[in-house]
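Worksheet for the structure shown next.
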Amino acid sequence: MCLSSCRRDEAGLNSPDGGWARHPWKPDPGPPGHALPLLLTVFVWLATGTTMSSLNKWIFATHNFRYPVLLSSLHMLTAVLVGYPLARLRARGEGGAALGTSTKARVCLLSLTFCASVAFGNLGLNYVQLDFAQMVYTTTPLFTLTLSQVLLGQRHHLLQYVAMGPICLGASFSIIGEAHFDQAGCCFLFAATFLRGLKSLQQSTLLQDKKLDAVILLCLTSLPSFCILFTAALVLEVGAAWEGMLHYGSALWACVLLSCLGSVLYNLASFCVISLTSALTIHVLGNFNVVGNLVLSHLLFGSHLSGLSYAGIGLTLSGMFLYHNCELIAGYWGSRLALGRGQVKPE
């Protein structure tokens with residue numbers, strides 16, 4: 001029996017009848033049109049993720065904007081202003097179900113994790129180039145895989161564990177080959193990476209186990225996140241330097257507005273992808289942003305990667321292929337072994 005026949009769904013995605021697993025990033029079997037919403041959501045998520053990373057780096061590098069935590073708080077404020085009317089429109093006047101105490105506590109914890117992750121990420125971008133940051137973020141699947149097993153007891157396909165090797169080794173090669181290394185920026189980025197994995201598991205629990213809608217979850221987390229981040233920005237960044245913000249031109253604030261609107265679309269798309277797949281799969285899919293971010297970083301900021309960095313990118317992408325095709329590879333190996341045994345004739 002091949003390995004693919006022994007794989008169960010990732011936690012939170014088990015079929016109601018206890019049937020065998022489907023591929024982790026595909027919807028339930030059905031008409032081909034059922035896969036279209038997922039594919040479109042993944043495309044929107046990848047496109048907005050790549051654009052957001054480069055736009056934020058443009059804001060920090062080109063316009064010399066020195067308020068990364070404030071930018072994160074503005075992202076959350078925009079989510080409040082856009083999310084609540086959207087939620088009312090979707091509800092069409094119907095009252096939503098009241099949240100339990102445990103769900104409210106999970107939402108508050110998610111807000112704290114989210115604030116910490118985006119703050120550390122933006123702080124890290126002040127010290128390192130975008131391509132270096134993206135290489136660190138490619139290790140997020142390893143953090144997510146470890147946390148899901150330790151905290152939630154989830155079990156994954158054997159080849160998914162194997163795939164973490166080239167994914168993380170490739171990221172390490174890319175870090176070693178990066179010409180602009182900064183210790184403080186690296187620490188900030190690894191802290192953000194750990195928190196990104198934890199945040200995705202929290203989102204997965206609320207979206208899949210608690211059955212919260214993506215728009216509702218965005219509304220519930222955006223308001224407390226804005227309060228936390230804006231308070232932190234006032235204390236740590238703005239304070240006595242408030243007058244410095246008045247010297248920025250309209251071009252900077254136009255970029256900030258685009259960044260805020262893009263963040264709403266990105267967060268909504270990420271919630272939808274997690275609800276349709278898993279916390280681990282979204283980060284493995286996110287490594288497709290590596291190529292897009294490297295191209296934009298080269299075009300916009302003139303960054304340069306060494307040959308070792310490109311070798312690391314190749315390893316990372318090969319690990320992604322292994323992760324997404326683990327059942328296909330296991331089935332191929334199983335069929336080859338069975339064929340080999342069948343060709344051996346007894347004497």
Hey, any chance [X] and [Y] share a hydrophobic cluster, counting ILVMFWY side chains that come within less than 4.5 Å of each other, even indirectly?
{"X": "Val44", "Y": "Leu38", "result": "no"}
{"X": "Tyr84", "Y": "Val82", "result": "no"}
{"X": "Leu261", "Y": "Val256", "result": "no"}
{"X": "Val215", "Y": "Val80", "result": "no"}
{"X": "Leu257", "Y": "Leu81", "result": "no"}

Roughly how far apart are [X] [atom1] and [Y] [atom2], rounded to 0.5 Å?
{"X": "Leu40", "Y": "Cys272", "atom1": "CG", "atom2": "SG", "result": "11.5 Å"}
{"X": "Leu234", "Y": "Leu70", "atom1": "CG", "atom2": "CG", "result": "8.0 Å"}
{"X": "Lys199", "Y": "Ser270", "atom1": "NZ", "atom2": "OG", "result": "6.5 Å"}
{"X": "Leu147", "Y": "Arg196", "atom1": "CG", "atom2": "CZ", "result": "13.5 Å"}
{"X": "Leu212", "Y": "Phe271", "atom1": "CG", "atom2": "CZ", "result": "10.0 Å"}
{"X": "Leu322", "Y": "Met164", "atom1": "CG", "atom2": "CE", "result": "8.5 Å"}

Practice prompt. Measure the shortest side-chain to side-chain distance between Asn267 and Thr221 over non-hydrogen atoms and say whether it is less than 4.5 angstrom.
Written response: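 Result no, sub-4.5 Å side-chain heavy-atom pair not found.
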Worksheet item: Are Leu198 and Leu151 side-chain neighbours, meaning at least one heavy-atom pair lies under 4.5 Å?
Response: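 They are in side-chain contact.
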Item to complete: Check whether more than 12 heavy atoms from other residues, nucleotides or ligands sit under 6.0 Å from atom CZ of Phe120, and answer yes or no.
Response: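 Count not over threshold, so no.
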Worksheet entry | Whether Trp253 and Phe65 hold their rings parallel, tilted or perpendicular, with breakpoints at 30° and 60° |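 It falls in the perpendicular class, over 60°.
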Worksheet entry | Geometric class of the Phe188/Tyr127 ring pair [parallel <30°, tilted 30-60°, perpendicular >60°] |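 Plane angle between 30° and 60°, so tilted.
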Item to complete: Report the residues that fulfil side-chain hydrogen bond (donor to acceptor under 3.5 Å, both in side chains) with Tyr161, sequence neighbours left out, ordered by chain and then residue number.
Response: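 With sequence neighbours excluded, Tyr161 shows a side-chain hydrogen bond (donor to acceptor under 3.5 Å, both in side chains) to Gln149, given in chain and number order.
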Fill in: Ser72: partners by side-chain hydrogen bond (donor to acceptor under 3.5 Å, both in side chains), with sequence neighbours left out
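Ser72 satisfies side-chain hydrogen bond (donor to acceptor under 3.5 Å, both in side chains) with Asn122 only.
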Fill in: side-chain contact (heavy atoms from CB on, under 4.5 Å) partner of His75, the single match among Ser225, Ser259, Ser222
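Per the side-chain contact (heavy atoms from CB on, under 4.5 Å) rule, the option paired with His75 is Ser259, out of Ser225, Ser259, Ser222.
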Nearest atoms (heavy-atom pairs only) where [X] meets [Y]:
{"X": "Thr277", "Y": "Gln208", "value": "O-NE2, 3.1 Å"}
{"X": "Ser102", "Y": "Lys210", "value": "OG-NZ, 3.9 Å"}
{"X": "Arg66", "Y": "Tyr248", "value": "N-OH, 3.6 Å"}
{"X": "Cys255", "Y": "Leu55", "value": "O-CD2, 3.8 Å"}
{"X": "Thr51", "Y": "Ala47", "value": "OG1-O, 2.8 Å"}
{"X": "Leu201", "Y": "Ser148", "value": "CD1-N, 3.5 Å"}

Worksheet item: Which ILVMFWY residues are connected to Met52, directly or by a chain of links, through side-chain heavy atoms under 4.5 Å apart?
Response: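 Via sub-4.5 Å side-chain contacts, Met52 links to none.
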Worksheet item: Is Thr62 reaching over with its side chain to a backbone N or O of Ile59, donor-acceptor style, under 3.5 angstrom?
Response: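 Judged by distance alone, no pair lies under 3.5 Å.
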Practice prompt. Determine, stepwise, if the pair Leu86 / Val264 fulfils side chain to side chain contact (heavy atoms under 4.5 Å, CB included).
Written response: CA-CA 11 Å; Leu86 184 60; Val264 176; over 6 Å; no
